[in-house]
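What follows is one structure encoded as structure tokens, with my remarks underneath.
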Amino acid sequence: RDSTGDWSSDVCSSDLNDVTRTASRNASRNASLSQFPGAGSAGSSPVLTNLIRHNNAAPTLVAMRAGQRHMEQQQQQHVGRIPLIPPVGYIPPYQLPQPDCNALHQAYLRSPVLRPAWVEKDQPAEKLYQAVQSLAAGPTTLLDPPLLTELSFAVPTPAYCNIAEDKLDGPTAPPIRELRQGSLQYRIRCCRLNSGTQMEPWDFVVADTNWPPTIFMEMNDSVLEIKRKGHYGKDRPVDITPHVFVLGPDKKNMLRISVPRPPKMGTGNDIMYAIAIEVVEVFRHQQIVDMCLKEQRITAKDMIEDIKAKLSNTADDDDEVALVSANLTIDLADPFTSRIFTTPVRGAKCRHRECFDLETFLISRSSKPREVACPPDVWKCPLCGGDASPRSLRVDDFLVSVREKLEKDGDLDVKAILVTEDGSWTKKAEAPPAARRKSRGPAGSVPRDEGEYASPAVQSRQGSRTAEVIELDDD
């Protein structure tokens, strides 16, 4: 050690130079400590100890760094060995979806979050229902290129005041759409069409959404994006409520559609499409019940006239063979509960006489417990699949009177009735359950009892109809 208290070393390695500088700092510190009483002999020992320790650790440190460089080289070689084409049977690791990072270019396509308006504290929100009220335009068949299909409509001022408005909840959050009774929304739907036919509005509202393979749409000079099956599970309608709201009341909304067709057009197997703009209305539960009970009813007289026409076949164009039936069978069991209905309803365009229970039908429209409003596409008749939206439901007064009579007599377990031409009806007797057959082969078969427990022949849905065939000879 020299006069300054520093240690000198002949080591040329950079690692050892670091060790030497550390030892020098420790030596300077110990030299200063030796000036204090009682620190003379103790101040130099740590320096010698540190020097010996560092000199012994220098080769170890060099070996550790060399080993680290060797591991890095192995990792680089391992990364370089990954093939461009994965081997057969390779299963890629699952990657969590990150739509906030990978789908920002489609952020504007997010559906608005539905919320009920004017919800009081400490009270549950009232159940809301979305259903198609009417068609603002269409349905019309899409034209072949180079022609453009155009649909236009204007929103009156009273209806414009009920259009649901989207509000932004934040720079990255989806818009909020508050719904209340009478709120209106607009959407575009497209359905497949049988060649040479024209789709009626009541058939269009229950048809599945199906977009052509290639279609371009423009609403009020704004390009619309199509929600297809590959990304959303099935083809979905296009919401245009913000476009209609921005334009304002009593102004012409214009939709332009172009459908380029493949070169093989005209082979006779081309699929035709019909398109329309639907107006979706929001209903309350009690509102639908009040509409059906007070306004939307089928009188018992009209029902009896319909039954009479059915039994006499007056609308049949066949003059040679006439079918005369004595009665008509009407089932009373609700398709959801298999019990007699409380309020019998059916669609205005339904051709069957059977009905379903109104309350049960409304409750079953929603499949999610915390859903603000049910989707608009769930209003299909459970018996025939026809339109059963709230404004097309009808209460059958004839079946209402039938239920009242059965309830008075204590016969609510009756499943069907037989109605005659004059409107009178009787309970249809249920066939007893058939005797259970037990067969164990030729040797162990159980004989069937043909006595009083033998089941009679099961009658058809139309009941025991006494048919008389009238044959008209040309002679």
Side-chain angles (χ1 to χ4, degrees), residues 202-203 206 288-289 292-293 296-316 323-365 378-390 392-434 455-467:
W202 52 85
D203 294 329
V206 295
I288 300 176
V289 175
C292 294
L293 295 180
Q296 304 171 175
R297 306 184 73 98
I298 301 176
T299 63
K301 180 180 179 181
D302 294 339
M303 180 64 177
I304 294 175
E305 292 293 332
D306 182 71
I307 294 176
K308 183 184 298 185
K310 177 66 177 179
L311 294 178
S312 59
N313 284 332
T314 55
D316 196 349
L323 179 63
V324 180
S325 178
N327 49 50
L328 181 68
T329 299
I330 299 179
D331 293 335
L332 304 179
D334 177 73
F336 297 100
T337 61
S338 298
R339 295 177 297 181
I340 190 171
F341 39 69
T342 302
T343 305
V345 294
R346 66 173 181 267
K349 298 298 181 179
C350 293
R351 297 183 178 180
H352 50 81
R353 281 86 186 163
E354 288 77 13
C355 292
F356 47 89
D357 184 64
L358 174 61
E359 192 73 22
T360 306
F361 180 69
L362 294 180
I363 295 175
S364 62
R365 294 309 88 196
V378 297
W379 301 93
K380 294 183 180 181
C381 175
L383 298 174
C384 66
D387 180 23
S389 56
S392 66
L393 291 176
R394 298 292 184 269
V395 177
D396 192 330
D397 286 341
F398 175 76
L399 293 183
V400 170
S401 62
V402 170
R403 191 194 187 283
E404 293 175 352
K405 181 65 168 60
L406 292 176
E407 185 178 9
K408 182 178 179 181
D409 298 340
D411 293 332
L412 290 180
D413 294 334
V414 175
K415 300 296 183 182
I417 58 174
L418 300 175
V419 186
T420 58
E421 187 176 352
D422 58 355
S424 60
W425 57 272
T426 57
K427 295 177 291 185
K428 181 180 179 181
E430 288 190 68
S455 60
V458 180
Q459 298 178 351
S460 63
R461 181 181 179 87
Q462 298 298 330
S464 57
R465 304 174 62 180
T466 303

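- Across every non-hydrogen atom of W379 and V206, the tightest pair is O-CG1, 4.2 Å.
- Heavy atoms of other residues, nucleotides or ligands lying less than 6.0 angstrom from NZ of K427 number 12 at most.
- For the atom pair CZ (R394) and OG1 (T299), the distance works out to 12.0 Å, reported to the nearest 0.5 Å.
- In this structure, L393 and C292 approach most closely via the heavy-atom pair CB-SG, 3.8 Å.
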Begin from the C-alpha positions of I363 and F336 and carry the test side chain to side chain contact (heavy atoms under 4.5 Å, CB included) through to its verdict.
CA-CA 11 Å; I363 295 175; F336 297 100; over 6 Å; no

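- Looking only at distances, a side-chain donor or acceptor of R297 sits under 3.5 Å from a matching main-chain atom of L293.
- Taking all atoms of both residues into account, the shortest heavy-atom contact from R353 to R351 is NH1-O, 3.4 Å.
- Side chain of D411 to backbone of V414: no donor-acceptor contact under 3.5 angstrom is found.
- The CG atom of D331 lies 11.5 Å from the NE2 atom of H352; values are rounded to the nearest 0.5 Å.
- D203 pairs by the side-chain hydrogen bond (donor to acceptor under 3.5 Å, both in side chains) definition with nothing, not counting sequence neighbours.
- Between the side chain of S424 and the backbone N or O of T420 there is no donor-acceptor pair closer than 3.5 Å.
- Rounding to the nearest 0.5 angstrom, the gap separating the CZ atom in F361 from the SG atom in C355 is 12.0 Å.
- Between the side chain of D396 and the backbone N or O of V345, no donor-acceptor pair lies under 3.5 Å.
- With hydrogens and angles disregarded, a donor-acceptor distance shorter than 3.5 Å links the side chain of K415 to the backbone of S338.
- Residues meeting the side-chain hydrogen bond (donor to acceptor under 3.5 Å, both in side chains) test with D413, sequence neighbours left out: none.
- Between P344 and L399, the shortest heavy-atom distance links the atoms CG-CB, 3.9 Å.
- Looking only at distances, a side-chain donor or acceptor of Q296 sits under 3.5 Å from a matching main-chain atom of P390.
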Decide yes or no on salt bridge (Lys or Arg N to Asp or Glu O under 4.0 Å) for K405 and D409, but give the supporting numbers first.
CA-CA 6 Å; K405 181 65 168 60; D409 298 340; 2.5 Å; yes

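- Scanning for side-chain hydrogen bond (donor to acceptor under 3.5 Å, both in side chains) contacts around S389 gives D387, S392, with sequence neighbours left out.
- Using a 4.5 Å heavy-atom threshold, the side chains of T343 and V289 count as separate.
- With hydrogens and angles ignored, the 3.5 Å screen pairs no side-chain donor or acceptor of N327 with any backbone N or O of L418.
- Put simply, the side chain of R403 never gets that close to the backbone of I340: no donor and acceptor are under 3.5 Å apart.
- Contact annotation: the side chain of R346 never approaches that of L383 to less than 4.5 Å [non-hydrogen atoms, C-beta and beyond].
- Nearest approach of A388 to K380, heavy atoms of both residues: CB-C, 4.0 Å.
- Note on R339 versus D357: no salt bridge recorded, every NZ/NE/NH1/NH2 to OD/OE distance being 4.0 Å or above.
- Within a 6.0 Å radius of NZ in K301, no more than 12 heavy atoms belonging to other residues, nucleotides or ligands are found.
- You'll find the side chain of T329 reaches within 4.5 Å of the side chain of K428, heavy atoms only.
- Using a 4.5 Å heavy-atom threshold, the side chains of I330 and W425 count as separate.
- With hydrogens and angles ignored, the 3.5 Å screen pairs no side-chain donor or acceptor of D334 with any backbone N or O of F341.
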